[in-house]
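First listed ligand is number 1; within each ligand, the first listed atom is number 1. The first residue in the sequence is number 1, and the count goes up from there.
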Amino acid sequence: MESLLVDIHKCLGINDDHLKMNRLTLQKQPKLEDLQVVEIDYEGKPFVLVSGAAKAWLEMKSKAIESNIMLMPFSGFRSYLHQKNLIERHLKNGRSLEDIFTQIAIPGYSEHHSGKAVDVHTKEKALLEEEFENSQEFNWLMKNAFNFGFKLSYPRSNPFGIIYEPWHWLYIGS
Ligand SMILES: [Zn+2]
């Protein structure tokens, strides 16, 4: 494991037991030149993916618009250090690492590091909750996303120890 990750884990108090229990795959951060700003998200922040995923996302998005479905990105590429910040925020709220890791991957193991994962929200609001499965956006994704190479990573009762995440889609290609 690269030294940046070792340092981040040490800093957060992540030990060998946490890593042994982890069932997610180690993800490499893409090179800078492989990343692309795809669009500006609802908060005015750049939404970034690797180019293959970016192309597929834009194609999927324009297909969805034909059915009046507006797919809004909430989060795409995320760095190891950003992941560390997210976890620190939850630790400050008094949550344990074990509890946090059912929702947020150990730095190094988030699919968002690959630049191929997208969290989708509806045009009304960022709905990173199970309730997203009742949205027309989710319904459309379940029927169409595979045509564009996107797959739901964490369905109900998935083997990865991650909660059900109807909003989180990974580009796996065709
Ligand atoms: Zn996600």
As a test of reading the structure, name the N/O/S atom of [X] that is nearest the Zn ion (ligand 1).
X	result
D119	OD1
H112	NE2
H168	ND1

Would you list the pairs meeting side-chain hydrogen bond (donor to acceptor under 3.5 Å, both in side chains) in which at least one residue belongs to residues 51-60, sequence neighbours left out?
->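 Found E39-W57, K55-E59.
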Would you say F132 and E165 make side-chain contact, with heavy atoms under 4.5 Å?
->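 The answer is no; the side chains never approach within 4.5 Å.
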Partner residues of H168 under the side-chain hydrogen bond (donor to acceptor under 3.5 Å, both in side chains) criterion, sequence neighbours left out |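 With sequence neighbours excluded, H168 shows a side-chain hydrogen bond (donor to acceptor under 3.5 Å, both in side chains) to E111, H112, D119, given in chain and number order.
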Give, for atom CZ of F74 and atom CZ of F47, the distance between the pair rounded to the nearest 0.5 Å.
->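 Interatomic distance, F74 CZ to F47 CZ, rounded to 0.5 Å: 11.5 Å.
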